[in-house]
Amino acid sequence: MPTYHTDGYVIKRHNLAEADRILTLITYSYGKISAVARSVRKIKSKLAGNLEPFIYSEIHLAKGKNLDIITSVKPKHLFKFSQENLKLIATAYLFMEMIDKLLPSHQPNVKIFDLLTEVFYALEKGFNMGLVKQYFYLKMLKFIGHQPDLQIKKQSKAYYFSLKEGNLTNTRDDLSFAVDKDIIKFWRLILVMDFNQIAKI
């Protein structure tokens with residue numbers, strides 16, 4: 001049975017039968033994939049505890065008929081999010097859910113994988129969640145090919161961002177919200193800088 005390995009995160013879990021679990025993974029080499037973890041819900045399972053969200057791991061898999069099978073896991077980093085900070089944990093789950101919903105399966109996207117790692121480290125280090133969210137949203141849109149147009153086409157006293165059109169406008173409608181000019185400049189920087197650079201501004 002052919003085998004392979006890649007770095008990855010568990011972003012979604014679904015129980016199967018009495019002790020198995022189907023996992024959705026975001027991986028460095030293969031993008032988003034689904035795989036089966038056999039007997040992972042048993043107390044004595046070697047995989048138990050290592051296939052949880054927020055663990056950066058080296059995952060070994062074997063090719064299966066329908067779904068590939070996880071054979072072993074080598075944890076590299078456990079992100080220590082405060083269990084008392086429910087908003088922080090919810091934010092981390094939100095990032096994983098967005099990747100699951102927006103990223104097609106079996107299409108490698110190293111930038112998305114690195115982005116998740118980047119924002120997990122930012123949350124672990126205690127950076128402002130609002131800043132981390134803005135950074136993730138804009139980078140995510142950029143990396144999946146939906147980068148918003150942040151160019152001001154006409155000078156105005158007020159600017160709005162249209163959710164319908166995905167760009168800046170001078171007029172307001174039901175699907176737009178006001179944006180300060182300094183925020184527009186900041187969003188532009190996010191699209192071209194990494195998080196460490198943004199955090200210094």
Side-chain angles (χ1 to χ4, degrees), residues 1-81 83 86-124 132-133 135-148 163 166 195:
M1 187 180 294
T3 62
Y4 64 99
H5 65 88
T6 181
D7 287 352
Y9 295 95
V10 173
I11 60 173
K12 190 176 181 180
R13 300 174 295 174
H14 177 71
N15 291 341
L16 178 68
E18 293 184 2
D20 300 342
R21 184 171 279 160
I22 297 176
L23 302 174
T24 301
L25 311 171
I26 177 67
T27 70
Y28 182 86
S29 302
Y30 305 97
K32 189 181 74 172
I33 63 174
S34 294
V36 176
R38 300 292 189 195
S39 302
V40 70
R41 289 153 58 203
K42 291 183 177 180
I43 297 176
K44 295 182 179 180
S45 171
K46 294 181 180 179
L47 298 177
N50 292 327
L51 288 172
E52 300 292 330
F54 317 138
I55 302 177
Y56 180 12
S57 302
E58 180 182 303
I59 304 171
H60 293 250
L61 305 100
K63 288 289 185 179
K65 185 176 181 180
N66 296 314
L67 290 173
D68 293 348
I69 301 167
I70 298 173
T71 57
S72 65
V73 182
K74 181 182 179 181
K76 291 187 173 182
H77 184 82
L78 169 61
F79 288 93
K80 298 178 178 64
F81 300 148
Q83 296 300 310
L86 297 181
K87 289 184 178 180
L88 189 153
I89 295 173
T91 297
Y93 271 112
L94 173 63
F95 294 159
M96 295 191 299
E97 184 177 0
M98 288 181 65
I99 289 175
D100 181 42
K101 298 294 185 183
L102 298 176
L103 200 65
S105 298
H106 302 287
Q107 291 189 19
N109 194 321
V110 174
K111 290 181 179 179
I112 294 294
F113 181 88
D114 288 343
L115 173 62
L116 186 61
T117 302
E118 197 174 20
V119 294
F120 274 2
Y121 272 113
L123 292 176
E124 183 180 57
V132 179
K133 282 183 178 180
Y135 182 84
F136 179 84
Y137 297 156
L138 286 168
K139 290 289 194 181
M140 183 76 182
L141 289 171
K142 177 180 179 179
F143 295 153
I144 64 174
H146 294 284
Q147 177 174 322
L163 296 175
F195 188 83

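All residue numbers in this chain count up from 1 along the given sequence.
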I'd like to know whether V36 forms a side chain to side chain contact (heavy atoms under 4.5 Å, CB included) with I70, so could you lay out the CA-CA distance, the side-chain angles of the two residues, the decisive distance to 0.1 Å, and finally the verdict.
CA-CA 6 Å; V36 176; I70 298 173; over 6 Å; no

When you look at I59 and H5, which way does the side chain to side chain contact (heavy atoms under 4.5 Å, CB included) test go after all the steps?
CA-CA 5 Å; I59 304 171; H5 65 88; over 6 Å; no

Side chain to side chain contact (heavy atoms under 4.5 Å, CB included) assessment of L61 paired with T71:
CA-CA 5 Å; L61 305 100; T71 57; 5.7 Å; no

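A 4.5 Å side-chain heavy-atom check between P53 and I11 finds every atom pair outside the cut-off. Taking 4.5 Å as the limit, some side-chain heavy atom of H146 sits within range of a side-chain heavy atom of L141.
Residue pairs satisfying the side chain to side chain donor-acceptor pair (under 3.5 Å) criterion with at least one member in residues 52-66, sequence neighbours excluded, are listed as follows: D7-Y56, R13-E52, E58-H60.
Atom CD1 of I112 sits about 12.5 Å away from atom OG1 of T27, to the nearest 0.5 Å. Between Y28 atom OH and T6 atom OG1 the span is 9.0 Å, to the nearest 0.5 Å. To the nearest 0.5 Å, the span separating CG on N109 from CD1 on I26 amounts to 7.0 Å. To the nearest 0.5 Å, the span separating OH on Y9 from NE2 on H77 amounts to 8.0 Å.
Partners of A92 by side chain to side chain contact (heavy atoms under 4.5 Å, CB included), not counting sequence neighbours, listed by chain and number: F54, F81, F120, L123. For the side chain to side chain contact (heavy atoms under 4.5 Å, CB included) test, residues two or more places apart in sequence or in another chain that qualify with S34 are T24, L67. Taking K139 as the reference, L115, Y135, F143, I190 meet the side chain to side chain contact (heavy atoms under 4.5 Å, CB included) condition, with sequence neighbours excluded. Checked against side chain to side chain contact (heavy atoms under 4.5 Å, CB included), S39 has the following partners two or more places apart in sequence or in another chain: D20, K42.
Defined by atom type and a distance below 3.5 Å, a donor-acceptor pair is present between the side-chain atoms of Y4 and D68.
Counted within 6.0 Å of NZ on K142, heavy atoms from surrounding residues, nucleotides or ligands total more than 12; the atom is thus considered enclosed.
Between the R41 side chain and the A17 main chain, a donor and an acceptor come within less than 3.5 Å of each other.
Ring pair F195/Y121: centre-to-centre distance not below 6.0 Å.
For A37 against L47, the heavy-atom pair with the smallest separation is CB-CD1, 4.2 Å.
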Can you give the donor-acceptor pairs under 3.5 Å from side chains of residues 93-104 to other protein atoms, not counting sequence neighbours?
none

